[in-house]
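Report on the following structure.
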There are 2 protein chains.
Amino acid sequence: MNAGVDGQGAKGRGGRSTIVDVADRAGVSKSTVSLVLSGSSLVAEATRERVTEAMSELGYIYHRGAATLRGARSGVIGMVINDLSNPFFVEMAIGIEQACQVGEYIPFIANSVENPARQLQVVRSMREHGAAGLVLSPAIGTSVAELKPLLSGMPVVQVMRRLPGLKTSIVAPENKDGARRATAQLIASGHGRVAFVGGFQSMVVRQDRFAGYRLALDEAEIAFDESLVFETMTNYAGGAAVVPQLLSHHAPATAALCFNDVVAIGLIRALGAAGVAVGSDFGVIGFDDIEEAQHTLPALSSVAVNGRALGTKAVQLLMRQLASGDFEPETILCPTTLVIRASCGTAASATAKSEARSEE
Amino acid sequence: MNAGVDGQGAKGRGGRSTIVDVADRAGVSKSTVSLVLSGSSLVAEATRERVTEAMSELGYIYHRGAATLRGARSGVIGMVINDLSNPFFVEMAIGIEQACQVGEYIPFIANSVENPARQLQVVRSMREHGAAGLVLSPAIGTSVAELKPLLSGMPVVQVMRRLPGLKTSIVAPENKDGARRATAQLIASGHGRVAFVGGFQSMVVRQDRFAGYRLALDEAEIAFDESLVFETMTNYAGGAAVVPQLLSHHAPATAALCFNDVVAIGLIRALGAAGVAVGSDFGVIGFDDIEEAQHTLPALSSVAVNGRALGTKAVQLLMRQLASGDFEPETILCPTTLVIRASCGTAASATAKSEARSEE
DNA sequence: GCGAATTTTTGGAACGATCCAAATTGGGTG
DNA sequence: CACCCAATTTGGATCGTTCCAAAAATTCGC
């Protein structure tokens, strides 16, 4: 039925073999091969076998690009992460990747490095490549006006962070509640002056965590003291940088809730270096519960966010929307767990709780 | 020239707008638009502007899938990493991603989780999606026979690891030389009995590092002692697990070269817990120099591999091959740097060296 | 053994880009 | 003004798939 002067099909031409080559080999039409590919029940069992065999003989490889041209799903999801050198976001990326695999999707990855311009580029590039949807952990300083047109008509899930003006689905931890519980824990351990360390006011996530901190203070009827709030970079150095001010305060804090674990670890090390015994003299709780939190000395108490689960949930939501065709924004808040270890002072309860968690 | 009854072009139909819609709007033919897209110098400046404007008015998005059908480069590179929960490989992934960006490529990512079956799946999937090349850090236990046919006709760079029977380009650190220098350093500090800890004999990378260890012993005319070699998992637990045997040895080692930093850190912690003062009683050197190495107590000396550079070099090699069309395998070995910190005993020199490095 | 009903199979005509050969335009020149 | 040459522009065929309407093969009832 098809030209095919040489018995080899397209193979002689150098490229990959096509559906037509397979058809020739199996002695059927390309339409039948297409039906086999799509797993249709229309095709007779014997024919299906003949076609399948021809495929493996020719080393046929499906050309998804051609298929998408006719409207088939591309099977590609874009994943734009703001900072892959932060272990928390790596965990999230792993969760995303994992969930994509089970859903037969394949993820494009891009690291925006907190650079909005680059983020714009990569999102555009992902669209060009036919990504069906996007999981986005937006870079700080993103211009919604520039980004929005690139996202039209495609389901997007913002994960962990969210941009104020951008109406998409959101998967995020219960930051406020987590921070509230952590702060309450410090207060319950007898700390009357609890500092809040790390991040900047412009960060939405910090606003949430800070709100939880305030709430816990209110609930304990402790007056909020502005001078116990420290804005810093959200890395080791940021945590360490706070120590001099923290210690020279006229009425020093005896505990701190940190914006994230990296800040908390920086703080712990610098406090240790300054001769403050974290865990007894001073209580510290971090946020995220990255793996390293278990290995610091003293081990770091933290509000566990489970980045992997967050990533997984984001992809699952995205896949659900892709399957249904209904891209109506949806918000999923993931509960957090307060993991008590030695750093917050009640060393006694540390072992038990931490063991329990590792069973998960 | 084209149907287009409604002024809106394809927009009314729901989908994205096409090259023909742009052509209609700009009052030219689709061929001209195609020329503009490819940046051809044939098209007159005024026309180019008109077309560009029409594109942005319509929110036109280039459909790469359609283009590849006619033979255009796909602009996609696959990146298959064996274990993303290992910070070293994350560094490598970051390097790969970064290099792809500058080369206008976009990387598919897959985490094989050291699972050969999954690796097979994802490689197949990447081919289907038209990946032009592959950066592969192969999973342990990969069957070359199964993998090879999936790779035919496509340039592949194995990075960090290499599969014995698979002839592709390779980018790897100078493992043997690094291990030799590290071992020599321990010997020079007066350690006569140096253990080798971590990994399994089947791992090619370990074979290389082990060879370097043996070489240093030979050069120092120290007899090799089989009982000082410990095979373990390459994670924290693996490092820790070795300690009982290490300490109960009839003639215990006083230093250890570890397969990688994660093993070394596990070892240091467990030794610390057992009351051995690492840095004075016992010398430890790791491999990779992950960020955490700077933060352990004592800080970990390590053979720095620079995973990021490794990833970058791999992609650059791949892009070079893609550009030239010459897929002849090539091997690039990257030199390592021995970074001395407190863990190997010569605490005096630690500060200076480590400062110097952080300037990079 | 024949038409009807059912099950399988099959030719195109798309999809959105590229690319080539051919057509059109616009100057110069003699 | 006719002609040539260079600079631009343009139809149409093509890439590898899907999908539809219709054809072909098979089974069935009587």
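Basis for what follows: all heavy atoms, side chains included, without hydrogens, waters or symmetry-related copies. Just so it is clear: chains get the letters A, B, ... in the order the sequence lines come, proteins before strands, and each one is counted from 1.
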Inset, instruction - Taking ring pair (Phe, Tyr, Trp, His ring centres under 6.0 Å) as the test, write out the residues that go with B:Phe108, two or more places apart. - result: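 For B:Phe108, the residues satisfying ring pair (Phe, Tyr, Trp, His ring centres under 6.0 Å) (neighbours in sequence not counted) are A:Phe108, B:His129.
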
Nearest-angstrom distance from the residue atom [atom1] of [X] to [atom2] of [N]:
| X | N | atom1 | atom2 | answer |
| --- | --- | --- | --- | --- |
| B:Tyr60 | C:dG16 | OH | P | 10 Å |
| B:Arg73 | D:dC15 | CZ | P | 18 Å |
| A:Ile19 | C:dG12 | CD1 | P | 16 Å |
| B:Leu58 | C:dG16 | CG | P | 14 Å |
| B:Arg50 | D:dT8 | CZ | P | 13 Å |
| B:Glu45 | D:dA7 | CD | C1' | 14 Å |
| A:Lys30 | D:dC19 | NZ | P | 13 Å |
| A:Asp24 | D:dG16 | CG | P | 13 Å |

Inset, instruction - Kindly write out the residues that satisfy side chain to side chain donor-acceptor pair (under 3.5 Å) with A:Arg320, not counting sequence neighbours, or none if the list is empty. - result: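 Expected list: A:Glu330.
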
Legend entry - Members of residues 34-44 of chain A that approach DNA chain D, where some heavy atom sits under 4.0 Å away: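 Heavy-atom contacts with DNA chain D come from A:Ser34.
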
Inset, instruction - Would you classify A:Thr47 as touching base, sugar-phosphate or nothing, given that sugar-phosphate means primed atoms plus P, OP1 and OP2, and contacts are heavy atoms under 4.0 Å? - result: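 It contacts sugar-phosphate atoms only.
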
Given 3.5 Å as the limit, does a donor-acceptor pair link the side chain of [X] with the main chain of [Y], or not?
| X | Y | result |
| --- | --- | --- |
| A:Arg127 | A:Met154 | no |
| B:Gln316 | B:Ala99 | no |
| A:Ser169 | A:Thr331 | no |

Legend entry - Lys/Arg N to Asp/Glu carboxylate O, A:Glu104 vs A:Arg64, below 4.0 Å: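 No, no charged N to carboxylate O under 4.0 Å.
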
Legend entry - Ionic contact status for B:Glu45 with B:Arg48, cut-off 4.0 Å: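 Salt bridge: yes.
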
Inset, instruction - Tell me whether the OP1 or OP2 atom of D:dG11 has a side-chain N or O from B:Ser29 closer than 4.0 Å. - result: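 Looking at the OP1 and OP2 atoms of D:dG11, neither is under 4.0 Å from any side-chain N or O of B:Ser29.
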
Inset, instruction - From the options D:dG16, C:dA17, D:dT17, select the nucleotide whose nearest atom is closest to the side chain of A:Leu69. - result: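 Out of D:dG16, C:dA17, D:dT17, the nucleotide with an atom closest to A:Leu69's side chain is D:dG16.
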
Legend entry - Candidates D:dT17, D:dT10, C:dA17 - which lies nearest the side chain of B:Val28: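 Looking only at side-chain atoms, B:Val28 lies closest to D:dT10.
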
Inset, instruction - Look at the side chain of B:Ser31 and the base of D:dG11, then say whether one donor and one acceptor between them are separated by less than 3.5 Å. - result: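 Side chain to base: pair present.
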
Legend entry - Check: B:Arg70 side chain, C:dA17 base, donor-acceptor under 3.5 Å: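 Answer no: no donor N or O sits under 3.5 Å from an acceptor.
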
Inset, instruction - Specify the residue among B:Ala66 and B:Thr32 whose closest nucleotide of DNA chain D lies further upstream toward the 5′ end. - result: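 Comparing both residues, the 5'-ward one is B:Thr32.
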
